[in-house]
Number of protein chains: 2
Amino acid sequence: MKRRSVTSYDVARLAGVSQSAVSRCFSPKGSISAKTREKVLAAARQLGYRPNTIARSLITRSSRTVAVVVSQLDNPFYALTLARASRTFQSEGYHLLLFLVSADGDTTDVMSEILQSQAEGILMLAASLTTPFAQECVDRSIPVVMINRTVDFTGVSQVSSDNYHGGYWAGSYLVSQGHRRMAFINGLVSSSTGAYRRRGFLDALLSQGFSCWAEEYGEYHFDKAREATRRLFTKQPYPDAVFAANDHMAIAAVETLRAEFGLRIPEDVSVIGFDDTPLAAWPSYQLTTVRQPVEDMVAAAAELLLGQMREGKLSPVQRILPVVPILRGSVRQRG
Amino acid sequence: MKRRSVTSYDVARLAGVSQSAVSRCFSPKGSISAKTREKVLAAARQLGYRPNTIARSLITRSSRTVAVVVSQLDNPFYALTLARASRTFQSEGYHLLLFLVSADGDTTDVMSEILQSQAEGILMLAASLTTPFAQECVDRSIPVVMINRTVDFTGVSQVSSDNYHGGYWAGSYLVSQGHRRMAFINGLVSSSTGAYRRRGFLDALLSQGFSCWAEEYGEYHFDKAREATRRLFTKQPYPDAVFAANDHMAIAAVETLRAEFGLRIPEDVSVIGFDDTPLAAWPSYQLTTVRQPVEDMVAAAAELLLGQMREGKLSPVQRILPVVPILRGSVRQRG
DNA sequence: CTGTTAGCGCCTTCAA
DNA sequence: TTGAAGGCGCTAACAG
């Protein structure tokens with residue numbers, strides 16, 4: 001139990017005004033004469049008064065808080081996304097309540113916490129949501145925006161990049177450059193993004209009369225992706241191209257192929273990633289990849305969330321942003 | 001304005017009990033008969049009732065929230081640190097309020113927000129604090145723990161690794177391996193960690209009769225560090241060793257030296273970093289570095305913060321954890 | 001413009 | 001064990 005803190009009453013007493021005068025003084029649209037305002041501010045300063053956000057939230061019924069659920073903070077892509085989102089909401093005057101979950105973990109208890117926390121909006125970054133919770137959010141008219149994860153439920157908004165066509169591009173590009181044994185390193189079974197990237201990739205191969213040479217799961221995790229790579233390359237003939245469901249894993253593959261198999265990229269094996277994280281552009285990797293428009297995605301998500309929070313009504317939208325192929329040096333060129 | 005939500009009164013009415021019965025039912029130490037508890041829970045379930053954390057905080061005067069101020073989320077080291085901290089506090093039943101600041105930015109408005117938010121503790125990750133705010137936190141008996149940043153004020157706790165000796169080791173190790181033109185890539189002028197690492201490094205060189213060959217600022221930023229590297233290596237004779245104030249910048253240096261100067265690591269130039277981020281161990285870098293014990297640091301910080309929050313009294317402590325040199329392949333061996 | 005008066009949703013004595 | 005009653009610190013009508 002904390003010792004009693006300075007309240008607006010204390011300030012009022014010292015300033016010789018009513019408590020509500022103090023309140024007005026600290027709310028943007030309170031009408032107050034310059035004279036009392038000054039008295040109040042002086043008293044407040046003297047006592048070190050600061051309005052109590054919690055009390056304010058209780059009465060205004062608005063916490064100006066959004067909950068962010070994120071997994072995979074070890075992946076630079078999501079660290080960056082979180083950073084941008086944080087900046088955006090901060091600048092709009094919202095506080096961020098951060099919840100970390102494991103990539104495939106269930107979010108049940110976390111969601112429960114969030115619902116009790118009176119957050120006015122929920123942003124899910126690469127985190128899954130169960131239908132009952134999605135339903136509950138809708139019931140309470142708390143807008144939810146998911147980035148890069150889907151839920152089988154129409155009540156929540158979803159922002160993602162065009163995973164299917166990203167995968168499709170990767171597949172057709174590899175074929176067009178003369179590759180024949182294309183392997184895929186998938187992320188998590190539970191991830192919708194991975195599923196779409198895979199589907200697009202397979203469809204592209206199929207449309208050219210090929211099928212996927214081999215497939216492994218790297219769980220969006222660096223070391224797991226290295227293991228996946230090893231599994232892929234232990235049996236001959238090994239793949240002549242690898243498409244990974246994200247850059248993080250693609251780079252894991254590059255590192256492993258070079259260091260453990262003595263293979264050169266792209267002379268011996270071509271590699272394509274997904275995301276376009278900063279590392280992809282580093283000289284060591286020059287990773288050809290599919291760029292997700294992070295900034296646009298965050299901006300879209302923020303816009304949706306902010307809009308719905310302000311209007312107090314839900315208008316779930318599914319937004320799919322175009323990806324852009326980034327050609328660098330990790331794919332062998334035909335001829 | 002949100003529509004009225006389900007309150008404990010609604011539940012009480014439906015269950016045919018008093019509101020306080022409902023309250024007791026949802027607080028851990030409320031004494032209630034099994035029968036009423038059941039009635040209440042049933043009613044609560046039916047109405048979708050969840051206790052309002054804000055109201056609870058107001059009356060208990062405890063928000064069970066800690067504010068985390070972090071900069072440099074693009075640096076994997078801090079992304080990781082945040083992830084660990086988040087897990088720790090979550091598992092202790094605390095909520096995290098996240099505030100991002102720019103690496104050298106002032107934290108004035110952010111601190112102001114935090115103070116109003118009624119957070120019970122503040123964790124600063126690579127973020128600076130001005131003395132007046134430190135003082136205010138002390139006045140309000142809000143414990144503050146800073147990780148890897150110092151404030152010239154004894155009221156707050158500080159956890160850091162032994163930056164001085166880390167730098168010292170780097171310096172003496174380079175000398176002992178026969179290097180002669182040791183350069184330093186510093187972080188930010190405002191960063192205490194950088195200052196200590198530098199001091200240790202210089203002292204080590206000095207004690208062997210050397211001085212720093214050249215010094216540049218990389219601002220803990222990848223691209224800035226690349227520029228710093230370029231500046232370091234444009235005038236002949238260039239350094240035969242580079243010590244960077246963190247791995248992030250060390251790797252930027254490696255990338256730049258290889259790609260733009262055609263130099264080999266460690267044959268032509270040796271490089272030492274600081275942190276031991278995951279990347280440092282990747283085959284491409286094999287970066288010799290000074291490991292900061294992240295887990296221990298977070299554990300120590302969490303322990304300090306939790307302890308002080310529980311006891312409600314401040315007992316600021318300065319904890320310096322030992323670093324450990326990690327010898328990999330980025331330093332040329334003597335002989 | 002200012003003060004008075006009700007609460008926001010909950011916890012917590014205090015009696016019963 | 002239960003209910004009644006009084007706030008936590010603040011905002012928002014409402015009169016004056």
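From a predicted model like this one, the values you see are computed outputs, not experimental measurements. Residue numbers start from 1 in every chain, and the chains themselves are labelled A, B, ... in the order their sequence lines are given, proteins ahead of strands.
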Go through the N and O atoms of the side chain of [X] and the base of [N], and report whether any donor-acceptor pair is under 3.5 Å.
{"X": "B:Gln118", "N": "D:dC8", "value": "no"}
{"X": "A:Arg24", "N": "C:dG3", "value": "yes"}
{"X": "A:Ser20", "N": "C:dT4", "value": "yes"}

State whether [X] places a side-chain N or O below 4.0 Å from either non-bridging phosphate oxygen (OP1 or OP2) of [N].
{"X": "B:Arg61", "N": "D:dG9", "result": "yes"}
{"X": "B:Tyr9", "N": "D:dG3", "result": "no"}
{"X": "A:Ser33", "N": "C:dT2", "result": "yes"}
{"X": "B:Ser23", "N": "C:dC11", "result": "yes"}

Contacts of B:Ser31 and B:Leu58 projected onto DNA chain D by closest heavy atom; the upstream (5') one is B:Ser31

Closest to the B:Ala21 side chain, choosing from C:dC10, C:dC1, D:dG3: D:dG3

Between A:Arg64 and A:Glu120 (salt bridge meaning N to carboxylate O under 4.0 Å), is one present in this structure? no

Under 4.0 Å between a Lys/Arg side-chain N and an Asp/Glu carboxylate O for B:Arg319 and B:Glu303? yes

Heavy atoms within less than 4.0 Å of DNA chain C: which residues of residues 39-47 of chain A have one? Give them sorted by number. none

When we call it a touch if two heavy atoms are under 4.0 Å apart, what does A:Thr36 touch: a base, just sugar-phosphate, or nothing? sugar-phosphate

Output all residues satisfying side chain to side chain donor-acceptor pair (under 3.5 Å) with B:Thr36, sequence neighbours left out; order by chain, then residue number. B:Ser33

Residues forming a side chain to side chain donor-acceptor pair (under 3.5 Å) with A:Thr108, sequence neighbours excluded: A:Asp106

